[in-house]
Amino acid sequence: MRLVMKEPVEKMSGPYARRWWALGVLCLSLLIIVMANTALTVAAPDMTTSLHLSSADLQWVIDGYTVPYAALMLLLGAIGDKYSRRGALILGLVVFGGGAVAGSLVDSSTGVIAARAVMGVGAAMIMPATLSLLAATFPRRERAKAIVMWTATAGVAIAAGPLVAGLLLEHHGWASTFLINVPIAALAIIGALVLVPPSKADHHDRIDYVGGVLSVIWIGALVYMIIEGPHFGWGVNAITAAIVAAVGLLLFIVWELRHPKPVLDVRRFAHRGFAGSNLAVALFFLAVFGAFYFLTQHLQFVLGYGALDTGIRMLPLAGAVFVGSALTGWLTPRLGMRVTVTAGMVGGTAALALLTQVDAASSYGTFVLPLILLGISIGLALSPCTDAIMGSFPEAELGVGGAVNDTSLELGGSLGIAILGSVLAGTYSSQLADATAGTKLPGDALATAQDSVGAGYGVAQGIGEQARALAGKAAQAATPEQAAQLKAQAEQLAHGAGQMADAVGSAFSGAVAHTSLVGAVILGVGTLLVAVLLPRRAKAEQVEAAEPARERAGV
């Protein structure tokens with residue numbers, strides 16, 4: 001047996017014998033690029049303290065990964081189809097690992113943002129390659145089952161990121177959350193060489209680089225606008241990005257409609273199954289990433305759990321994803337895609353609706369059922385959508401198909417954090433102002449506390465430290481009268497610190513409830529649209545959508 005797998009999957013006479021082992025490598029590669037984002041939500045407080053990050057710095061540390069990741073996937077997926085899908089996977093893992101090493105060594109916000117951007121470029125190679133290699137390696141009758149495992153991995157990674165980061169932060173600094181990616185990437189590279197067969201399109205014309213570059217421009221500008229506008233205001237940068245995104249999208253559509261071999265045939269979006277599947281993926285990840293954004297903050301700041309404890313308490317989500325994935329593998333062939341996907345989206349909407357009950361008195365128990373329901377819903381909804389999207393592309397364009405699915409995912413996640421994050425911040429700020437009205441809290445202290453829930457508790461802690469300092473002075477006062485006066489002031493400040501902490505917790509809990517309501521409405525309306533768009537039986541729609549592409553490819 002050769003150490004390195006060299007026989008292309010396209011030239012095999014039958015199904016590849018070690019395809020399930022190859023799937024393990026692809027899932028491992030997927031795991032680290034999803035965890036790279038979710039782990040950061042837990043590592044952020046430690047990173048903020050160590051690097052003295054502003055809220056703007058922290059936002060771009062998170063989103064410096066997202067912009068290149070989303071923008072480059074379509075073009076890099078097409079390049080992988082033409083030259084080598086496995087090559088794209090391995091090169092992406094090398095770039096991703098190199099960015100992780102750099103991120104662990106830098107000591108400034110600029111350095112971390114640059115390293116995260118490099119990791120995003122690597123992820124843009126890896127993500128579409130995993131799906132295209134999966135689709136090329138597995139025969140059509142097994143592909144749906146393999147995609148279920150792929151989707152389950154993505155769902156588990158969402159919950160596993162905080163757990164792994166929490167374990168590392170118990171004994172190491174934030175840099176360890178970068179370095180953990182390196183041995184995993186190295187293992188995936190070895191596994192790809194040994195277990196994953198090479199694959200590329202048998203017949204692939206010259207790449208439509210103009211369309212590819214236009215896709216990079218409009219998607220990159222759109223994601224930048226989504227990040228910049230809600231978080232930093234609709235100034236010149238956000239408005240310019242919006243204009244570039246709109247013009248770039250228009251030029252992309254016009255070019256692709258006229259090009260004989262487009263990088264993406266936009267006519268596919270006229271088919272209900274394809275359009276509905278992409279809309280479902282985007283909307284679902286809008287809800288999932290948005291909810292994840294505020295749930296981890298509530299567990300850490302309001303309920304006071306440490307990084308590891310927060311990760312452990314997200315595990316019901318991971319377990320429920322497996323349950324939902326098992327259900328969809330059994331239900332979809334029997335009931336059809338529309339029933340399964342709609343059920344998953346209804347479950348996601350119900351999970352967000354349950355979170356509207358969160359208040360200042362809520363404990364972790366309030367979150368368990370929504371987490372379980374959300375996990376089951378991920379498993380139910382996403383696998384059939386991914387299978388339908390991949391089934392709409394001919395074998396020569398599997399990388400592009402994977403990129404389309406993953407771009408919908410990333411755009412949805414970015415929108416979720418931007419829209420729901422903006423609602424969360426605005427509601428928290430407003431409710432905190434109401435809760436502290438009539439108090440003697442200085443205006444600058446209130447403004448600081450309104451910036452974020454972490455800053456709010458920081459202000460309360462600062463007031464408490466002032467109280468302890470005055471109590472210390474009271475113990476050393478020269479006269480009983482002076483001691484009594486200082487002690488009274490210390491007690492007043494201590495009471496104020498407690499009130500401030502209670503106000504911050506109450507305001508953020510109210511903001512979580514309100515944001516959950518907004519998310520439930522968005523996902524609920526989206527569920528109705530998806531239910532209308534998706535066909536009764538998915539297979540017929542997939543065949544119909546794929547036929548024009550197969551005819552052009554000569555398949």
Side-chain angles (χ1 to χ4, degrees), residues 1-36 73 76-98 100 119 121-154 156-157 181-202 204 383 386-387 389-391 393-403 405-406:
M1 182 185 296
R2 291 194 182 115
L3 182 61
V4 176
M5 182 65 196
K6 294 183 178 180
E7 183 182 3
V9 69
E10 294 82 13
K11 295 184 179 179
M12 295 179 183
S13 58
Y16 174 49
R18 295 190 290 174
R19 57 192 179 279
W20 294 103
W21 288 99
L23 178 62
V25 175
L26 301 179
C27 289
L28 183 65
S29 303
L30 173 68
L31 186 75
I32 59 172
I33 61 175
V34 177
M35 283 176 55
M73 273 194 286
L76 294 180
I79 292 173
D81 280 335
K82 181 174 176 62
Y83 296 105
S84 174
R85 292 162 181 151
R86 187 178 72 171
L89 174 65
I90 293 172
L91 180 59
L93 288 165
V94 170
V95 172
F96 187 89
M119 293 172 70
V121 173
M125 300 181 200
I126 296 167
M127 190 75 155
T130 60
L131 263 181
S132 62
L133 284 165
L134 181 156
T137 303
F138 282 83
R140 191 69 186 88
R141 65 181 181 276
E142 294 180 347
R143 191 179 295 174
K145 187 183 296 184
I147 287 176
V148 165
M149 295 304 298
W150 185 91
T151 305
T153 300
V156 168
N181 294 300
V182 179
I184 300 174
L187 181 61
I189 290 170
I190 295 170
L193 290 170
V194 175
L195 295 169
V196 179
S199 174
K200 65 178 182 178
D202 285 336
H204 200 294
S383 298
T386 299
D387 189 32
I389 292 169
M390 294 302 293
F393 287 85
E395 297 299 309
E397 299 177 24
L398 291 176
V400 174
N405 179 83
D406 302 335

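Everything quoted here is computed from the prediction, not taken from an experiment.
Side chain to side chain, Arg85 and Ser199 meet the donor-acceptor criterion of an N or O pair below 3.5 Å. Side-chain N/O atoms of Trp150 and Thr386 include no donor and acceptor closer than 3.5 Å.
A search for ring-ring contact (aromatic ring centres under 6.0 Å, His included) contacts involving Trp21 returns nothing, not counting sequence neighbours. Annotation: ring-ring contact (aromatic ring centres under 6.0 Å, His included) contacts of Tyr16 (sequence neighbours excluded): none.
The shortest non-hydrogen separation linking Ala192 to Ile90 is CB-CG1, 3.9 Å. Smallest separation of non-hydrogen atoms from Gly80 and Ala88: CA-CB, 4.3 Å. Of all heavy-atom pairs spanning Arg86 and Leu193, the tightest one is NH1-O, 3.4 Å.
With rounding to the nearest 0.5 Å, the separation of CG in Leu134 from CG in Leu398 is 9.5 Å. Taking CD1 from Ile126 and CG from Leu91, the interatomic distance works out to 9.0 Å, rounded to the nearest 0.5 Å. Remark: Met390 CE to Phe138 CZ distance equals 12.5 Å, nearest 0.5 Å. In this structure, Ile33 CD1 and Met127 CE are separated by 5.0 Å, a value rounded to the nearest 0.5 Å.
When each of Val25, Val9, Thr130 is checked for a side-chain contact (heavy atoms from CB on, under 4.5 Å) with Val196, only Val25 meets the rule.
Counting heavy atoms from C-beta outward, Leu133 and Leu89 have side chains that approach closer than 4.5 Å. In this structure, Arg141 and Pro15 have side chains that are in contact, with non-hydrogen atoms separated by less than 4.5 Å.
Between Glu7 and Arg18 there is no salt bridge, since no side-chain N of the basic residue sits under 4.0 Å from a carboxylate O of the acidic one. A salt bridge links Arg143 to Glu395: one of the charged nitrogens lies within less than 4.0 Å of a carboxylate oxygen. One finds a salt bridge joining Asp387 and Arg140 here, because a Lys/Arg side-chain nitrogen approaches an Asp/Glu carboxylate oxygen to under 4.0 Å.
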